[in-house]
Protein chains: 2
Amino acid sequence: MSVSSRTAVAVHALTFLAQWEADDLQPSTDIAESLESNPVLVRRVLGLLRDKGLVSAVEGSGGGWQLAKPAEQITLRDAYAAVEKGAPVLPAHAHPPSQSCVIGRHMQSLLEVEFAAAQRAMEDRLAETSVAHMLRRIRDRERGEPVSR
Amino acid sequence: MSVSSRTAVAVHALTFLAQWEADDLQPSTDIAESLESNPVLVRRVLGLLRDKGLVSAVEGSGGGWQLAKPAEQITLRDAYAAVEKGAPVLPAHAHPPSQSCVIGRHMQSLLEVEFAAAQRAMEDRLAETSVAHMLRRIRDRERGEPVSR
DNA sequence: GAAACTGTAACTAGTATGGTGGCGGCTGTG
DNA sequence: CACAGCCGCCACCATACTAGTTACAGTTTC
């Protein structure tokens with residue numbers, strides 16, 4: 001069932017960082033607190049986001065994390081892609097099927113095409129929402145739901 | 001990473017059954033052979049498909065499986081939905097986040113909305129392809145790729 | 001009754017997950 | 001310089017789900 005909750009952690013962390021001005025560094029412990037989770041877990045996810053150029057870290061005392069580009073330019077797909085390593089959501093056969101069966105001979109490649117298309121549809125939908133978007137909606141809700149889109 | 005390969009098994013089995021006329025029962029061993037897998041595993045998946053009215057089984061000697069409705073009316077989404085129990089592809093947080101943080105207070109429900117929309121997009125794409133469609137393409141390929149759509 | 005099926009339960013081994021502790025290295029402050 | 005605060009990373013744990021297998025009870029045909 002399901003992929004992992006890393007994408008949720010990633011989006012949470014990104015939105016958390018989007019609250020603050022750039023150069024206003026936030027330590028992983030603060031983010032972990034908001035997630036009610038562990039700093040190490042947060043750093044694992046943030047490390048992946050950094051590898052994709054979404055956030056940057058500053059070491060040492062007073063260090064922490066910040067967005068590496070404007071929140072408008074970071075979509076949920078970026079977060080998903082950074083964090084959910086390659087593996088497709090819908091995996092084809094565990095073992096390749098029998099090559100001596102008409103179905104088996106073609107099913108795998110056909111399934112890969114269909115599943116890839118389905119995954120692309122999912123990612124395209126994720127790409128429609130940016131981190132800035134998430135933050136805006138949170139702020140709307142916080143001051144009483146005038147609803148933005 | 002990923003869900004399970006049950007959907008792949010389900011689509012394979014459905015397409016396999018679509019090869020034959022209705023009332024031409026196929027035993028799970030034959031399907032398992034095409035998958036190069038185990039009859040029990042196949043029956044587990046077929047059992048789920050039967051629960052959703054996609055296939056039907058006849059017990060006893062000479063028994064087996066058949067499609068319960070025309071292959072045109074069975075889509076990959078039907079197979080997916082029957083086999084991949086409820087759990088969303090993109091899970092939200094493992095632990096609910098901190099309620100004392102502005103982000104934490106709203107992130108979960110916002111994520112659920114976004115993730116549900118993304119999953120729906122994926123399922124809608126799966127719904128565009130029927131089992132009949134899969135079989136047709138396999139037969140096209142088998143006789144030399146005149147390509148059908 | 002034997003043979004050919006479905007239907008289930010119980011078990012294994014492998015793998016990914018969230019979570020935790022420990023430790024080294026970097027950096028700003030006093 | 002020492003220290004505190006922070007990142008980066010490794011090793012480890014318990015849990016859960018996976019594919020695959022064995023075993024066996026029930027049902028039907030011959």
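Predicted, not measured: the structure shown is a model, and the values here were computed from it. Just so it is clear: chains get the letters A, B, ... in the order the sequence lines come, proteins before strands, and each one is counted from 1.
- Here B:S28 lies in heavy-atom contact (under 4.0 Å) with sugar-phosphate atoms only.
- One finds no side-chain N or O of A:S5 lying less than 4.0 angstrom from the OP1 or OP2 phosphate oxygen of C:dT17.
- Judged by closest nucleotide on DNA chain C, B:T29 is the one of A:G60 and B:T29 placed further toward the 5' end.
- For the residue pair A:G104 and A:Q99, the shortest heavy atom distance occurs at O-NE2, 4.1 Å.
- Remark: P of C:dG25 and CZ of A:R43 are 16 Å apart, rounded to the nearest angstrom.
- At a cut-off of 3.5 angstrom, counting only N and O atoms as typed in the model, there is a donor on one side and an acceptor on the other between the side-chain of A:R44 and the base of C:dG19.
- Contact between the side-chain N/O atoms of A:H93 and the OP1/OP2 oxygens of D:dA19 is not found at any separation under 4.0 Å.
- Contact annotation for B:S37: backbone-only contact, meaning every heavy-atom pair under 4.0 Å involves sugar-phosphate atoms and none involves a base.
- Using a 4.5 Å heavy-atom threshold, the side chains of B:V83 and B:K52 count as separate.
- Comparing B:S61 and A:E36 by the nucleotide of DNA chain C that holds the closest heavy atom to each, the one mapping nearer the 5' end is B:S61.
- Residue-level contact check: A:V58 touches the backbone only, with heavy atoms under 4.0 Å from sugar-phosphate atoms and none from bases.
- As rounded to whole Å, 11 Å separates atom P of D:dC7 from atom CG of A:L17.
- In this entry the distance linking CG of B:D51 with P of C:dT6 reads 15 Å, nearest Å.
- Counting only heavy atoms from C-beta outward, the side chains of A:Q108 and B:H12 never approach each other to under 4.5 Å.
- Computed from coordinates, the B:D30 CG to C:dA4 P distance equals 13 Å when rounded to whole Å.
- Side-chain nitrogen and oxygen atoms of A:R50 include at least one within less than 4.0 Å of the OP1 or OP2 phosphate oxygen of D:dG8.
- Within the 4.0 angstrom heavy-atom criterion, only backbone atoms of the sugar-phosphate kind lie near A:G64; the bases stay farther away.
- Straight-line distance from the CG atom of B:N38 to the C1' atom of D:dT21: 6 Å, rounded to whole Å.
- Taking atom CG of A:L25 as the reference point, atom C1' of C:dC26 lies 14 Å away to the nearest angstrom.
- The residue among A:G63 and A:V40 whose nearest nucleotide of DNA chain D lies closer to the 5′ end is A:G63.
- The CG atom of B:L90 sits 16 Å away from the C1' atom of C:dT17 (whole-angstrom rounding).
- Contact between B:R141 and A:S109 at its shortest, heavy atoms only, is NH1-OG, 2.7 Å.
- Of the charged side-chain nitrogens involved, none lies within less than 4.0 Å of a carboxylate oxygen, so that A:R77 and A:E128 do not count as a salt-bridged pair.
- One interatomic measurement links the two molecules: CG of A:L41 to P of D:dC10, which rounds to 16 Å at whole-angstrom precision.
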